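Just below is one structure, and these are the notes that go with it.
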Amino acid sequence: ITEAEQAVLDEIEEKDVDFLRLQFTDILGTVKNVSVPARQAEKAFSEGIYFDGSSIEGFVRIQESDMRLVPDPDTFAILPWRQKEGSAAARMICDVYNTSTGEPFEGDPRRVLKNALERAEDLGYEVNAAPEPEFFLFEEDEEGRATTKTNDAGGYFDLAPKDLASDVRRDIIYGLEDMGFEIEASHHEVAEGQHEINFEYDDALATADNVATFRTVVRAIAAQHDLHATFMPKPIPKINGSGMHTHFSLFEDGENAFHDEDDEFNLSDEAHSFLAGILEHAPAITAVANPTVNSYKRLVPGYEAPVYVAWSDRNRSALIRKPAARTPAASRVELRSPDPSCNPYLAFAVMIHAGLDGIEKDLECPDPVRENIYEFDEQKREEYGIETLPSNLGEAVQALEEDEAIYSALGEHVAPKFVEAKSQEFEEYLVDVSQWELDRYLETF
Ligand code: GLN
Ligand code: MG
Ligand code: MG
Ligand code: MG
């Protein structure tokens, strides 16, 4: 038993934890739980906990359904909304192992991200990531089902009393802090009922774990206020959708390898090549970072979401922005396309592979675009060589299948399963008849 594991066992004792939720995610990014009595913690560390993986989305075929969960002691956290006098529940995020081979299970999204981080490590880099997840808080109806009615009428950075949701947001932040999050900032977003909470950067694995946890915490605490929190990218047409801008930097021997004092943008050659790699693979990344039919309702001009494959050190209509950095450690690139419906492990994995591909191939970075690209016409975009992101899930999945570097980044297990699930989702959508069509055509024809 390791020191970290012993620390967890001590804390279980000290805080009267009676149940442990062992968590992992499926290919779609949904958090799954196996609950075990806390006294099984030691066994979970030494032998793992066996479960039947055949019922988990995209995990295994029926005939090879036994999986083993091994908890990562660094992810131990008490669930703040489940605390009672003399009893508590805690969670740990697990790695999934194949029982027949004893090897890490390649269908585990956390494993897919670890593979990306190992590639970075082989090149001498540690990857840092920080997300800016946005979400809406909606009222529930009498039956407790989610509506799209917002419970406030605030706008960007509004304060109480207009920002009625600030109480909820405060409780969410306390909950996150109880679970070990370092919250950097939180504010009301542009749309009514829309919020954003930023947390401190960390290594990319911890950050992906944090995103998975974040969504659970936000939903659980909103529910305590009889509100429904949604990470659906575009719940309401014609107003801003919810994104999850993601910032990346690479550190080498404890120093930020993305920083260069002498560069016009304070970005090193590595940073420029990383950025070029993401631009090069942007269409395929989109399938993973924007994995729902609804994601593409957000990626349209005019709502601060990216549509065009370009980068900028100024404006926010580009896919990648170089935020102003106060210190060398803060030099980074911000990818603005991801939305919070993505599986953070898979999304970070493909973005990191794309960037590393740019570094390995020493890709040339194009010039930044400083004008508002939303206002460009097709001719001007052509002149600047600016491509457009896929405009629907079908196109994005096709781009993923055609991009060998990104497809293989998902691994042999996840890549075909992801493509299959998403193709099916898109086909179902295509044959559906929407309310918009009924409103438009039912009485006209
Ligand atoms: N909500 C916008 C998006 O869809 C971002 C707005 C912002 O953070 N400035 O990405
Ligand atoms: Mg922000
Ligand atoms: Mg924002
Ligand atoms: Mg941002």
Side-chain angles (χ1 to χ4, degrees), residues 128-138 148 150 152 154-158 163 165-166 169 172-173 183-201 207 211 214-215 218 229-249 258 275 278 282 285-286 289-326 330-342 344 347-348 351 368 372-374 388-391 396:
N128 286 320
E132 301 179 51
E134 297 173 334
F135 57 92
F136 280 85
L137 292 175
F138 289 132
T148 52
T150 58
D152 74 291
Y156 199 59
F157 282 105
D158 273 352
D163 180 9
S166 60
R169 213 168 55 222
I172 289 172
I173 288 166
I183 304 299
E184 212 172 47
S186 87
H187 61 84
H188 200 293
E189 256 299 339
V190 174
E192 285 181 13
Q194 193 184 30
H195 303 272
E196 174 177 317
I197 296 175
N198 305 147
F199 36 102
E200 194 74 47
Y201 78 84
T207 299
V211 171
F214 178 83
R215 293 189 296 212
V218 171
T230 185
F231 294 95
M232 178 180 180
K234 188 89 170 183
I236 303 174
K238 294 181 199 152
I239 62 170
N240 270 24
S242 292
M244 188 176 78
H245 301 168
T246 305
H247 301 246
F248 284 108
S249 60
F258 272 14
L275 205 158
I278 292 187
I285 291 172
T286 311
N290 307 88
T292 62
V293 162
N294 183 252
S295 297
Y296 297 84
K297 308 272 160 92
R298 166 177 168 259
L299 300 177
V300 297
Y303 302 97
E304 294 185 77
V307 186
Y308 304 111
V309 183
W311 78 282
S312 182
D313 58 328
R314 301 260 169 87
N315 81 66
R316 292 160 188 259
S317 58
L319 175 66
I320 300 176
R321 191 171 72 96
K322 194 247 165 246
R326 277 170 286 122
S331 276
R332 64 200 188 274
V333 295
E334 174 188 26
L335 185 60
R336 296 173 60 82
S337 60
D339 72 54
S341 71
C342 71
F348 292 180
M351 296 182 242
N372 184 351
I373 316 172
Y374 292 150
T388 306
L389 288 176
S391 57

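Computed from a prediction, not measured in an experiment: that's the story for all the values here. Start at 1 and go down the list; that is how both ligands and their atoms are numbered. The analysis underlying the following values was restricted to heavy atoms, covering all of them including side chains, and did not include hydrogens, waters or symmetry mates.
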Which segment of Glu132 sits under 4.0 Å of ligand 1 when only heavy atoms are counted: neither
For the student: nearest non-hydrogen atoms of Ala130 and Tyr201, plus distance: CB-CB, 3.5 Å
Reported CZ-to-OG distance for the pair Arg298 and Ser337, which is rounded to 0.5 angstrom: 7.0 Å
Distance (rounded to the nearest 0.5 Å) between His187 NE2 and Glu132 CD: 7.0 Å
Chi angles and distances behind the side-chain hydrogen bond (donor to acceptor under 3.5 Å, both in side chains) call for Ser312, Arg321: CA-CA 5 Å; Ser312 182; Arg321 191 171 72 96; over 6 Å; no
Heteroatom of Glu134 nearest to the Mg ion (ligand 3) (N, O or S, atom name): OE2
Where the Mg ion (ligand 3) is the vertex, angle from Glu189 OE2 to Glu196 OE1 to 10°: 90°
Metal site angle (apex the Mg ion (ligand 4)), OE1 from Glu132 and OE2 from Glu334, 10 degrees: 130°
Ser341-Asp339 side chain donor-acceptor pair, cut-off 3.5 Å: yes
N, O or S of His247 under 2.8 Å from the Mg ion (ligand 4): no
Ser242 side chain to Gln194 side chain, donor-acceptor N/O pair below 3.5 angstrom: yes
Backbone N/O of Glu189 and side chain of Glu134: donor-acceptor pair under 3.5 Å: no
Atoms in ligand 1 flagged as close to Ala305, the criterion being non-hydrogen separation under 4.0 Å: 4 (O)
Sub-4.0 Å heavy-atom contact, His245 with ligand 1: yes
Contacting atoms of ligand 1, where contact means under 4.0 angstrom from a heavy atom of Glu304: 2 (C), 3 (C), 5 (C), 6 (C), 7 (C), 9 (N), 10 (O)
His187, Arg298, Glu196, Glu134: member with heavy atom nearest to atom 10 (O) of ligand 1: Arg298
N/O/S atom name from His245 that is nearest to the position of the Mg ion (ligand 4): ND1
